[in-house]
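Chain letters run A, B, ... following the sequence lines, proteins first and then strands; every chain starts at 1. Quick caveat: nothing in here was measured; it's all calculated off a predicted structure.
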Amino acid sequence: MTEEKKQTLALFYCQQTPESSEQERQCLEEKYERSIRLFPIPCGGRIEPLHFLRALEEFANAAYVIVCPEGECRYFEGNLRAKKRVQKTREIIESIGLEGNRIGILINPRENPKSLARLVDEIVCNASQLEPSRVLNLHHSPARPFH
Amino acid sequence: MIKTERVFMPAKYMIHTQIVPNRFRPLTKSGIIAWWEGCLGCRVCVKRQCVYGVYRNRDLDVRQMIDSMDNQCMNCLRCVQGCPRELIHKSINPEYEALGDSHWTPDIIAQLWNQAETGKIPVSGAGYSGPFSGPGFDSMWTDMSEIVRPTRDGIHGREYISTGIDLGGTPKHLAFTDSGDLESEPPSLVDMPLPIILRVPPFGSLSDNTIKGWAMGARELGTFLALPNEIIKGELLAFKKNLIPIISPCHPLLHDALEGVRLVEVPWGEKWKEITQKIKEAHPSVLISYRTPLVRGVEEKVLSIVNSGVSIIYLEGTSSGRVTDDNSIFIKDGIRQTHLALVDNGMRDEITILAGGGLAMAEHAAKSIICGADGVFIDFPILIALECRMCRRCTKGLPCPVEIDRAEASWVASRVTNLIGAWHNQLLEVMSAMGIRDVRRLRGETGRAMFYEDLDRSTFGSLGTLREGYELE
């Protein structure tokens, strides 16, 4: 197994991302096996800091979200909201001593938007530089309420 | 002195269901996109007013990253309409839309999940919003001329409606000796209380517990589970009375597994006589069902099979409900033609027809019987009852998203019992509404149904056909 496949990555992606059907998702799961977990979301704006934090707490070394190009969100501001929430989450995890780049956002370029597979490749490449998360070695507490 | 006997009515066949919770949160059709930024902080926020407490009782299922907000929402859209800044949106859930395929649609899968969880018939309060007609079974409408009956008395009311069938052929006539004793051999029949037989599906993330759970469910329901002969061993041997071993010419016959079973399935092919002889020599009382693919013109083949002395035949369609060699023909048409050919030749009661392939809803069972089947096999519905999403990841070696292989046998059995309980109720409802009291009478009763193709032809056929490239003025 390669070093790249040892990483566990939580990847949220907007359903408007090009070539992001269930078939493509399964192809990526075959390629990366259990090293990535893909979660389609109706809009990038659906993501909340808690999604990232719970992913980091439970299983992920890093958590990323893929959103539409700026100005092209189907719900007008979803991608902008996601950007702010990623920033907010980074501040939270940095305050407890984790590296901020464990949380990330990838905005699909407006010119020549990339397919989900290409975006995932890029994210996996970035995330592979990270050390294994210290949080995952801590004792896991039972699931807590959302608030 | 007149000897009096207390006469007992036979016990009604009832399937007792109870709520069996899902192990994973089901995917829902729509999701809420709530944006907190820009909130005016109204004193009476629409989120606080939600009558279902969707926003108050939120939690996140980390395994699937499913928010309880989506599962609990009842789509009243009060929050969407009421927010003064219009911050709340609802959207179609992409994971829900990706469920299944064109035959096993997301709505069918979600209905089966609901039936397996509650054991009840799903009710849509907002009325039926779907198309009036469609392909396959959707082009059939069943007679509801006596709809008053289930409304008045309930489907489990005073009058008993029998869903029992007999498997096996019956002779054309009986012969008696001069002293009045029966001269001819009485027919060998297997009776079952409902016309639905379970079948292990062709794929799925299955474990020994899954198969055992289905067998437990079949025993509880009084029906059968058809499964490959070679996997009947260990704990499954205790369920043999409710198993149908499927014999494969590629595998040796396992006689231990056949001892005590009432029915076996053999593929119709070159070796059918040889296999039949081997089974009959060792297990003379067992009935044999012969499986043949449902193809165009299968009725000719069935007539010749009946002439060979076969008493049960299983017509197998594809998993999308079509005949195997023509994707444009639905199994309902194949079953109907076979039934009519047998009736025309005076052979219908000499054979039991079982049909299967792509039966996805309770109404499909009733409609198959109306088209001429005696009973039906269901395979994927019993897998979907275990929360299967028909994603087919298991066929690629990917992990099952709902870990079906890790489910307890008792949970599997209860889910299947619930599913069949709901289907049984729907069958009773259909029969009750058309005034039929016995499912044996429903067989081939096409007078109690309307077919879109027939209506279309009789209503508009005289107008001629529209040639391609021309438009009506």
Side-chain angles (χ1 to χ4, degrees), chain A residues 10-17 20-34 37-60 63 65 73-78 80-85 88 140-147, chain B residues 25 27-39 47 53-73 80 85-102 104 106 389-401:
Chain A
L11 228 162
F12 302 89
Y13 61 95
C14 170
Q15 64 167 324
Q16 306 296 329
T17 307
S20 62
S21 71
E22 178 66 15
Q23 295 307 316
E24 272 106 19
R25 178 184 172 188
Q26 289 189 19
C27 287
L28 285 167
E29 285 176 12
E30 279 183 85
K31 181 177 175 185
Y32 290 106
E33 296 178 0
R34 289 172 189 263
R37 300 268 307 273
L38 293 161
F39 302 104
I41 47 177
C43 170
R46 177 63 197 269
I47 206 82
E48 291 181 35
L50 208 78
H51 289 105
F52 293 124
L53 295 175
R54 291 303 305 274
L56 288 187
E57 189 180 44
E58 294 290 332
F59 61 87
V65 61
C73 173
R74 187 174 180 177
Y75 296 92
F76 310 114
E77 294 177 344
L80 303 179
R81 306 285 180 192
K83 203 171 164 183
K84 284 183 185 172
R85 287 169 194 173
K88 172 82 179 163
H140 281 181
S141 56
R144 284 171 300 186
F146 206 100
H147 295 297
Chain B
R25 280 206 185 136
L27 298 175
T28 45
K29 188 166 191 171
S30 59
I32 297 170
I33 303 172
W35 291 339
W36 303 87
E37 294 92 339
C39 176
K47 290 177 180 167
V54 165
Y55 296 96
R56 272 197 304 275
N57 309 315
R58 284 179 71 187
D59 68 20
L60 186 72
D61 175 8
V62 185
R63 283 185 300 182
Q64 307 173 89
M65 284 292 168
I66 292 182
D67 194 327
S68 66
M69 196 162 74
D70 297 333
N71 292 86
Q72 291 170 8
C73 177
V80 175
R85 292 291 295 267
E86 298 178 349
L87 296 178
I88 301 171
H89 294 244
K90 284 218 75 166
S91 167
I92 296 291
N93 180 0
E95 280 204 270
Y96 180 86
E97 286 223 302
L99 284 173
D101 53 37
S102 58
W104 300 93
R389 295 175 179 177
M390 295 295 280
C391 63
R392 295 175 171 80
R393 277 183 172 78
C394 49
T395 61
K396 300 172 186 165
L398 292 170
C400 175

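In this structure, A:Arg85 and B:Ala34 approach most closely via the heavy-atom pair NH2-O, 4.3 Å. Contact record, A:Pro42 with B:Ile33: CB-CD1, 4.1 Å, taken as the closest heavy-atom pair.
Only the backbone of B:Ile92 has a heavy atom closer than 4.5 Å to any heavy atom of chain A. Heavy atoms of A:Ala10 lying under 4.5 Å from chain B are absent altogether. Proximity to chain A is limited to the backbone of B:Ile32, based on heavy atoms less than 4.5 angstrom apart. With a 4.5 angstrom heavy-atom cutoff, A:Phe39 touches chain B only via side-chain atoms. When heavy atoms are compared at a cutoff of 4.5 Å, A:Arg74 does not approach chain B at all. Using a 4.5 Å cut-off between heavy atoms, B:Gln64 contacts chain A through its backbone alone, with no side-chain atom that close.
Atom-to-atom distance recorded for B:Arg63:CZ and A:Arg54:CZ is 12.0 Å, nearest 0.5 angstrom. Distance check, rounded to the nearest 0.5 Å: CD of A:Glu29 to CZ of B:Arg393 gives 4.0 Å. One distance of note links NZ of B:Lys396 with SG of A:Cys27; it measures 6.0 Å at 0.5 Å rounding. Taken to the nearest 0.5 Å, the CE atom of B:Met65 stands 8.5 Å off from the CG atom of A:Leu50.
Of the listed residues (B:Pro399, B:Gly31, B:Ser68, B:Ser30), the greatest number of heavy-atom pairs within a distance under 4.5 Å of chain A belongs to B:Pro399. Of the listed residues (B:Pro94, B:Gly397, B:Ala98), the greatest number of heavy-atom pairs within a distance under 4.5 Å of chain A belongs to B:Pro94.
Residues A:Arg46 and B:His89 fail the side-chain proximity criterion, which asks for heavy atoms closer than 4.5 Å. Between B:Arg392 and A:Glu22, the closest side-chain pair of non-hydrogen atoms is not below 4.5 Å.
For B:Lys29, the NZ atom sits in a loose shell: 12 or fewer heavy atoms of surrounding residues, nucleotides or ligands are nearer than 6.0 Å. Within 6.0 Å of CD on B:Glu37 lie more than 12 heavy atoms contributed by other residues, nucleotides or ligands.
Remark: of the listed residues A:Glu30, A:Arg34, A:Glu33, A:Glu30 is the sole one forming a side chain to side chain contact (heavy atoms under 4.5 Å, CB included) with B:Leu398.
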side-chain contact (heavy atoms from CB on, under 4.5 Å) for B:Leu60 and A:Glu48? Distances and angles first, verdict last.
CA-CA 11 Å; B:Leu60 186 72; A:Glu48 291 181 35; over 6 Å; no
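With A:Gln26 contributing its side chain and B:Cys391 its backbone, the two residues share a donor-acceptor pair below 3.5 Å.
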